[in-house]
Amino acid sequence: MLKTLTLFVLTALAEILGCYLPWLWLREGRSAWLLLPGAVALALFAWLLSLHPTAAGRVYAAYGGVYVGVALLWLWLVDGVRPTLWDLLGGSVALAGMAIIMLAPRTP
């Protein structure tokens, strides 16, 4: 389970970085050269998603919960905006949903 969670977190970081770098170019007027590492990060994101050991749809659904949690950490650590109680409550609900999806018993 720890391996899967670590993979989800790395996947989320790659996706967020891949979107954040073009955002810096578009919204902050930063260098267009940021698009190159942004594209690499998004390719890494797609590759990391392919490494998850379960059905793609289930991976995407469960990954969404982890993505919300990592995005809230990004909000705080990178954007410098402290998450509100409502942010944390919503993130907790998303992570609980991810846990239900990933930990549910399955028949082979």
Side-chain angles (χ1 to χ4, degrees):
M1 186 64 188
L2 184 59
K3 178 184 174 188
T4 300
L5 185 59
T6 301
L7 192 53
F8 273 139
V9 170
L10 291 174
T11 303
L13 287 172
E15 182 180 12
I16 291 170
L17 185 62
C19 294
Y20 185 70
L21 293 174
W23 184 86
L24 287 175
W25 170 64
L26 289 168
R27 299 283 303 239
E28 304 277 326
R30 302 276 182 93
S31 171
W33 285 104
L34 289 174
L35 296 175
L36 188 59
V40 170
L42 286 175
L44 177 63
F45 155 72
W47 177 72
L48 288 168
L49 271 180
S50 75
L51 298 180
H52 291 273
T54 189
R58 186 171 294 129
V59 167
Y60 301 152
Y63 163 72
V66 175
Y67 177 86
V68 169
V70 173
L72 289 172
L73 281 173
W74 186 279
L75 174 72
W76 190 9
L77 300 174
V78 177
D79 290 334
V81 177
R82 188 175 184 158
T84 67
L85 176 62
W86 294 106
D87 294 329
L88 297 175
L89 180 61
S92 297
V93 170
L95 286 171
M98 180 275 303
I100 291 168
I101 292 168
M102 291 307 292
L103 299 175
R106 310 234 189 285
T107 54

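Reckoned from all heavy atoms, side chains included, excluding hydrogens, waters and symmetry mates. We count residues from 1, following the sequence as given.
- Relative orientation of the W74 and Y20 rings is perpendicular, given thresholds of 30° and 60° on the angle between their planes.
- In this structure, CG in L48 is found 4.5 Å from OG1 in T11, a value given to the nearest 0.5 Å.
- A single hydrophobic cluster is not seen to contain both L36 and W23; linkage of ILVMFWY side chains at heavy-atom distances under 4.5 Å, directly or through other members, places them apart.
- A chain of hydrophobic side-chain contacts below 4.5 Å, direct or via other Ile, Leu, Val, Met, Phe, Trp or Tyr residues, connects L5 to M102.
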message = Using side-chain contact (heavy atoms from CB on, under 4.5 Å), reason through Y63 and M98 one step at a time and then give a plain yes or no.
response = CA-CA 7 Å; Y63 163 72; M98 180 275 303; over 6 Å; no

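- Test L72, V66, V68 against V70 for side chain to side chain contact (heavy atoms under 4.5 Å, CB included) and you get one pass: V66.
- At a threshold of 4.5 Å between side-chain heavy atoms, the hydrophobic network of Ile, Leu, Val, Met, Phe, Trp and Tyr places L88 and I16 in two separate groups.
- Atom CD of residue E15 and atom CG of residue L44 lie 11.5 Å apart, to the nearest 0.5 angstrom.
- Distance check, rounded to the nearest 0.5 Å: CZ of R30 to CH2 of W25 gives 14.5 Å.
- When hydrophobic clusters are built by joining Ile, Leu, Val, Met, Phe, Trp and Tyr residues whose side-chain heavy atoms come closer than 4.5 Å, directly or via intermediates, L26 is not grouped with L21.
- Within 6.0 Å of CH2 on W47 lie no more than 12 heavy atoms contributed by other residues, nucleotides or ligands.
- Atom CG of D87 is separated from atom CG of L75 by 6.5 Å, given to the nearest 0.5 angstrom.
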Intermediate values then yes/no, side-chain contact (heavy atoms from CB on, under 4.5 Å), S31 and L24 = CA-CA 8 Å; S31 171; L24 287 175; over 6 Å; no

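- Following chains of ILVMFWY side-chain contacts shorter than 4.5 Å, one cannot reach V40 starting from L34, and the two form parts of different hydrophobic clusters.
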ask   = Can you list the steps and then say if L13 with L17 is a side-chain contact (heavy atoms from CB on, under 4.5 Å)?
value = CA-CA 6 Å; L13 287 172; L17 185 62; over 6 Å; no

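- Put simply, OH on Y67 and CG on L95 are 13.5 Å apart, with the number rounded to the nearest 0.5 Å.
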